[in-house]
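Beneath this line is the structure, given in structure tokens, with notes to follow.
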Amino acid sequence: MAATAAPLLMPYLTTAGVGWLYYRRLRRHFGWQPWQPRRTALRVALLAGVAALLTWLAARSPSLCAGMAVGAMAGVGLGLVALRHTRIEVRDGRAGYVPNPWIGACLSLVLLGRLVWRWQQGAFDGGTLPAPDAASPLTLALAAALVAQALTQGLGLGRHLRVHRPPPG
């Protein structure tokens with residue numbers, strides 16, 4: 001009985017997992033955030049890996065390449081604008097920042113809306129991801145923009161916040 005229940009619960013568990021990830025992502029866009037150098041470095045490394053995978057996917061599928069390139073360029077631009085509107089603060093001897101909540105949150109909601117739209121159109125029927133040749137250029141362009149924006153902002157925050165690092169003590 002347990003073996004047959006797992007496939008039936010998978011869509012609900014996946015939806016709950018994606019919802020939790022989006023909740024955590026959106027929460028990071030509001031209020032003062034303490035700077036954690038190791039976590040930032042890990043996040044940048046993971047995002048660089050995702051960017052490499054998206055680049056590999058774009059190279060394998062020419063129909064996706066242009067959309068993903070435009071999305072990545074837009075993401076870098078949004079990341080630079082987000083950095084310009086991020087306040088660096090030191091509270092209780094800890095360096096931190098207050099991000100602009102609108103840029104990252106709006107980009108995350110646009111991607112989530114696009115994924116919901118694709119789900120409603122049957123893109124994920126059968127419990128599997130669509131084949132690379134069936135992938136949507138718009139969805140992957142939004143994903144590239146999200147990754148490029150987060151990568152740009154992570155690298156920029158690391159560069160700016162190193163100046164405010166408290167002396168070793």
At what distance, to the nearest 0.5 angstrom, does CD of Glu89 lie from CH2 of Trp32? 8.5 Å
Sequence neighbours left out, what passes salt bridge (charged side-chain N to carboxylate O under 4.0 Å, His left out) with Arg38? Give chain and number order. none
One should read off an interatomic distance between Leu155 CG and His160 NE2, to the nearest 0.5 angstrom, of 11.0 Å
Nearest 0.5 angstrom please: Leu78 CG to Leu83 CG, how far? 11.0 Å
Would you compute the distance between atom CH2 of Trp35 and atom CG of Leu157 and round it to the nearest 0.5 angstrom? 9.0 Å
For the student: nearest non-hydrogen atoms of Ala141 and Gly67, plus distance: CB-O, 3.0 Å
Give, for atom CZ of Arg43 and atom CG of Leu151, the distance between the pair rounded to the nearest 0.5 Å. 11.5 Å
The side-chain contact (heavy atoms from CB on, under 4.5 Å) partners of Ala82 (sequence neighbours excluded) come to Ile103, Gln149, Gln153
Please round to the nearest 0.5 Å and tell me the distance separating atom CD of Gln33 and atom CZ of Arg94. 11.0 Å
On a heavy-atom basis, the closest approach of Ala72 and Ala148 is O-CB, 3.4 Å
Kindly work out whether a path of hydrophobic side-chain contacts (I/L/V/M/F/W/Y, heavy atoms less than 4.5 Å apart) joins Val110 to Leu146. yes
Restricting to non-hydrogen atoms, name the atom on Val44 and the atom on Gly154 that form the minimum distance, rounded to 0.1 Å. CG2-C, 3.9 Å
Please report the closest heavy-atom contact between Ser63 and Pro137, naming both atoms and the distance. O-CG, 4.0 Å
Which residues pass the side-chain contact (heavy atoms from CB on, under 4.5 Å) test with Arg84, not counting sequence neighbours? none
